[in-house]
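Please read the structure below before turning to the comments.
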Protein chains: 2
Amino acid sequence: MYIQNASELIRNGHTVAERHARRLCLEGAEAALSAVEPSKLMKSKVRLAGRKLIADSNVIDLEKFKKIFVIGGGKAALPMAEALESILADKITAGIVNVLDSQLRTAKGKRRIRLHAATHPLPSIVGQEGVLQMLELVGKPDPGTLVICLISGGGSAMLPLPAEGVDLVEKVEITRRLLHSGATIQELNAVRKHLSATKGGRLAERLYPNRVLSLVISDVVGNRLDSIASGPLYPDPSTFKDAERILKKYGIWKDLTPGAEKELGDGVAGLVPETPKPGSRFFTKVSNVIIGGNDDACDAVTRRLNRLKCRSEVLTTGYEGEARSAGMFMGSVVSYKGRKSRPAGYVAGGETTVSVKGDGRGGRNQEFAIGAAMKIDGNKGIALISLGTDGLDGSTDAAGALVDGSTIERSKAIGRFAEESLLRNDSYTFFESLGDLVMTGPTGTNVNDIAVAVLV
Amino acid sequence: MYIQNASELIRNGHTVAERHARRLCLEGAEAALSAVEPSKLMKSKVRLAGRKLIADSNVIDLEKFKKIFVIGGGKAALPMAEALESILADKITAGIVNVLDSQLRTAKGKRRIRLHAATHPLPSIVGQEGVLQMLELVGKPDPGTLVICLISGGGSAMLPLPAEGVDLVEKVEITRRLLHSGATIQELNAVRKHLSATKGGRLAERLYPNRVLSLVISDVVGNRLDSIASGPLYPDPSTFKDAERILKKYGIWKDLTPGAEKELGDGVAGLVPETPKPGSRFFTKVSNVIIGGNDDACDAVTRRLNRLKCRSEVLTTGYEGEARSAGMFMGSVVSYKGRKSRPAGYVAGGETTVSVKGDGRGGRNQEFAIGAAMKIDGNKGIALISLGTDGLDGSTDAAGALVDGSTIERSKAIGRFAEESLLRNDSYTFFESLGDLVMTGPTGTNVNDIAVAVLV
């Protein structure tokens with residue numbers, strides 16, 4: 001069981017209907033978290049049939065390859081590597097994957113795939129050393145070599161390698177300044193891909209003409225392969241000129257560190273080759289397979305709820321926008337649907353943002369839950385859970401929160417006001433007072449957030 | 001036809017699928033606007049059967065009444081009054097309703113129900129004079145009198161009557177200061193109900209023991225009768241103490257004008273009776289009937305689309321929250337559903353808000369449409385229309401906007417960027433450039449906003 005305080009959360013329902021709806025929400029969330037365990041995703045999406053390795057529609061005849069290397073990194077790299085070893089066993093020649101420092105200490109010894117340390121959320125030379133070792137291991141490109149690359153959330157920071165002449169600290173500094181300037185994630189990616197030796201398809205360029213199978217657990221809404229881990233094995237739609245325009249827009253262009261200034265300046269002048277673009281031959285030997293993402297989590301919820309006689313459907317696996325407003329929209333859908341037919345379950349996935357203005361504690365899933373609570377207020381037999389599949393919502397120790405039709409009334413009774421909590425970005429205190437925080441601890445995976453609503 | 005530029009909007013589709021999806025969106029929107037015409041709502045929800053007046057589950061035997069008066073006001077009061085005259089004809093003893101000054105000039109002469117002028121969005125003594133005449137007309141309460149009250153959006157401003165000793169300008173001033181302080185609509189209502197002689201159930205108190213039938217077109221999300229026109233005929237959940245707390249919270253309490261200070265001070269001290277509360281006998285002779293609201297608009301869309309072989313469903317009739325985020329949520333739902341089955345239609349209603357930070361032109365429906373466009377970007381055969389049923393989005397002359405899966409791409413091609421337009425709250429310019437503003441002119445009704453998405 002992932003949710004540690006499930007029985008307490010069910011007890012918090014005041015009526016039989018509330019407790020029932022809460023129980024079903026928690027069942028759904030459990031099913032989701034269980035379905036997206038990296039090892040399960042690997043074992044369900046990747047298999048060996050004789051000497052053929054099958055991943056999605058890709059069938060790779062292992063007979064053809066003299067060597068099989070495994071490289072990669074990310075927050076799920078450890079269980080992905082473990083699962084791949086159990087699938088391929090001694091067919092793997094050797095491997096190195098970058099895992100979190102904390103995982104390294106507790107991991108059991110691997111036989112073929114060596115674990116290397118990396119850091120998150122900021123990259124460091126520890127991770128960079130791992131990447132250099134991976135490239136050394138794979139050695140000279142050779143069509144007789146299969147490289148299996150394991151990619152998951154956190155891969156951008158955990159697989160760092162700047163372009164030659166650029167220092168890692170320069171990349172970190174530019175990233176930090178862009179983030180402070182309010183740059184979007186697309187803008188940030190366009191810049192850092194053009195300062196990297198591996199991102200933005202550069203890894204595909206390096207590995208060509210090795211055969212490459214990239215197995216990806218997606219932590220990006222919409223599963224965009226050019227965004228997950230900054231797209232090391234996928235064509236880059238952005239250009240050096242885009243990077244220049246973006247850095248000028250935020251007033252950073254004139255004030256670049258020497259290495260970055262030279263790399264970007266040379267790039268704009270055409271002296272450094274562009275990142276590989278769609279249609280490039282570098283991708284002709286690469287297969288990218290998403291073995292897990294938000295869809296897997298949401299589908300697992302509907303399967304579980306349907307089995308529990310609660311007919312359910314997925315509304316979306318790609319919500320975005322301000323957390324409280326997304327929660328309000330979902331809450332209003334659930335309230336409306338509740339007028340028509342029950343029991344029913346509604347599942348949604350995605351990732352929202354919070355525009356922080358107050359000085360409280362909280363996270364996007366907790367604000368989503370408050371927004372939803374405001375819209376299901378007074379509606380009997382409705383509960384909704386919103387949580388991050390990584391188990392960490394915002395900077396809190398909670399995964400998210402559970403609400404029902406009585407949440408707003410109960411909060412008022414103890415002197416907490418939803419609108420005030422939102423104003424102060426203090427959703428954690430709101431739910432802590434109610435005893436409705438959902439606690440899982442770190443789950444070891446990340447396929448964004450999910451929300452499960454149940455009407456009984 | 002309400003949408004004046006429909007053929008141009010259809011032509012703006014680049015592909016056959018886009019044009020088809022756009023056409024269906026416009027058909028749906030037309031159906032919605034037509035269904036919520038006040039006269040149609042009156043005629044479909046209120047009827048005479050012999051000598052019985054039937055409105056929803058209320059059957060009123062007109063035989064029992066010596067006099068039948070019609071009073072009320074709001075932006076839809078004119079067509080509501082016209083329709084009621086055609087239903088009841090000379091059974092009406094007399095009536096006065098407050099209509100917009102502009103409507104007064106064009107209205108045909110009424111026989112029984114006289115039209116009086118009122119102002120919106122700010123109340124004025126013109127409207128107040130109308131209210132005083134209504135009360136004079138109804139005269140001394142009498143169980144043998146039936147008062148039919150016509151209520152619609154704008155009724156708060158168009159039916160003003162301050163509590164005795166309070167001047168209308170004082171109410172306007174406090175309202176303005178609360179709005180500038182960021183008070184919620186609930187907080188605003190709690191205060192102004194306690195400065196009024198008619199709002200917050202006070203009209204029911206005044207009319208008791210007349211029999212009262214209140215016919216309401218709702219412009220409030222969730223059709224809350226205590227909020228529509230500030231609930232003149234419905235129990236008030238708020239108290240004088242709430243009003244005090246709210247005015248203190250925003251630092252207005254110490255700085256009240258003399259009349260308001262005395263009224264609220266006396267109220268808090270128990271020297272002025274509270275607004276009537278749930279269970280009060282004053283409501284025993286009142287029937288409130290919502291004859292139209294957002295549900296009518298949304299249901300009309302699904303009926304029309306179903307007839308056009310586009311299986312459709314209502315997602316919600318109560319969305320709220322920040323416009324762009326609500327649009328993103330709806331856009332993501334539509335994109336997701338589009339992966340599963342087509343053709344299909346999704347309809348939603350509600351009313352969002354815009355946190356204005358930029359200096360551009362736009363409205364909540366136009367920002368909703370940009371948010372949706374970002375989430376359906378690249379998705380073929382999807383279109384979505386978002387519009388205010390009153391035909392006026394924000395302070396613009398457009399009702400809303402129409403988007404499809406190519407909107408973002410087309411906007412980039414002409415140098416417009418969705419995120420930038422949102423940042424500057426300049427959605428009007430964005431859609432003006434694309435030719436995708438939806439123009440209806442004022443429709444003469446208001447049941448909030450609707451969004452119609454079609455997948456072909």
Side-chain angles (χ1 to χ4, degrees), chain A residues 182-187 221-222 224 249 294-295 298 313-340 346-355 357 367-368 370-372 374-379 417-420 422-423 451, chain B residues 182-187 221-222 224 245 249 294-295 298 313-340 346-355 357 367-368 371-372 374-379 417-420 422-423 451:
Chain A
T184 66
I185 184 71
Q186 286 78 15
E187 292 176 328
V221 171
R224 288 188 55 169
K249 175 175 168 189
N294 195 268
D295 281 79
C298 290
E313 66 171 281
V314 178
L315 292 171
T316 173
T317 59
Y319 61 66
E320 292 185 283
E322 185 71 26
R324 65 192 68 177
S325 297
M328 289 177 89
F329 200 101
M330 175 136 178
S332 82
V333 171
V334 177
S335 282
Y336 180 82
K337 295 292 188 183
R339 284 157 51 184
K340 309 284 170 173
Y346 295 91
V347 187
E351 188 168 303
T352 60
T353 45
V354 171
S355 308
K357 285 167 193 163
E367 292 210 355
F368 184 111
I370 292 186
M374 288 164 69
K375 294 298 295 185
I376 63 173
D377 180 29
N379 215 318
F417 298 93
E419 289 183 357
E420 218 172 288
L422 288 177
L423 207 64
Chain B
T184 65
I185 184 71
Q186 286 79 15
E187 290 176 329
V221 171
R224 288 187 54 168
R245 184 178 50 79
K249 175 175 166 188
N294 195 267
D295 280 80
C298 290
E313 65 171 282
V314 178
L315 292 172
T316 174
T317 58
Y319 62 65
E320 291 186 285
E322 185 70 26
R324 64 191 70 179
S325 297
M328 289 178 90
F329 200 101
M330 174 135 179
S332 83
V333 170
V334 177
S335 282
Y336 180 83
K337 295 293 188 184
R339 285 156 51 183
K340 310 284 171 176
Y346 295 91
V347 187
E351 189 168 303
T352 60
T353 46
V354 170
S355 310
K357 283 166 193 167
E367 293 211 356
F368 185 111
M374 290 165 69
K375 295 297 295 184
I376 62 173
D377 180 28
N379 217 318
F417 298 93
E419 290 184 356
E420 217 171 289
L422 288 177
L423 208 63

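Note that this is a predicted model, so its numbers are computed, not measured.
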Contact origin within A:Ala348 toward chain B - heavy atom pairs under 4.5 Å: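 Contact with chain B involves the side chain of A:Ala348 alone.
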From NZ (A:Lys337) to OG1 (B:Thr316), nearest 0.5 Å: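 Going from NZ on A:Lys337 over to OG1 on B:Thr316, the span is 9.0 Å.
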Option that, when pairs with chain B are counted at under 4.5 Å, heavy atom only, ranks first among A:Met374, A:Lys375, A:Lys340: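 So the answer, after comparing A:Met374, A:Lys375, A:Lys340, is A:Lys375.
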Best-contacting candidate, B:Val333, B:Thr184, B:Val221, B:Thr353, against chain A by heavy atom pairs under 4.5 angstrom: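 Most heavy-atom pairs within the cutoff with chain A belong to B:Val333.
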For chain A, the option from B:Gly321, B:Gly318, B:Ser332, B:Gly222 that forms the most heavy-atom pairs under 4.5 Å: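 Highest number of heavy-atom pairs under 4.5 Å: B:Ser332.
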Non-neighbouring partners of A:Glu419 that pass salt bridge (Lys or Arg N to Asp or Glu O under 4.0 Å), sequence neighbours left out: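 Result, salt bridge (Lys or Arg N to Asp or Glu O under 4.0 Å) vs A:Glu419: none returned.
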Those residues that, when tested against A:Phe329, pass ring pair (Phe, Tyr, Trp, His ring centres under 6.0 Å) (two or more places apart):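 Here the qualifying residues are B:Tyr319, B:Phe329.
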For the student: nearest non-hydrogen atoms of A:Tyr336 and B:Asp295, plus distance: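 What the structure gives for the nearest pair is CE1-OD2, 3.7 Å.
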Side-chain (B:Ser325) to main-chain (A:Glu322) donor-acceptor, under 3.5 angstrom: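 Checked: pair present.
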Side-chain touch A:Met328/B:Thr352, heavy atoms, less than 4.5 angstrom: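 Contact flag for A:Met328/B:Thr352 side chains = no.
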Atom CZ of A:Arg224 with >12 non-hydrogen neighbours under 6.0 angstrom: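 Atom CZ in A:Arg224 is not crowded, with 12 or fewer foreign heavy atoms closer than 6.0 Å.
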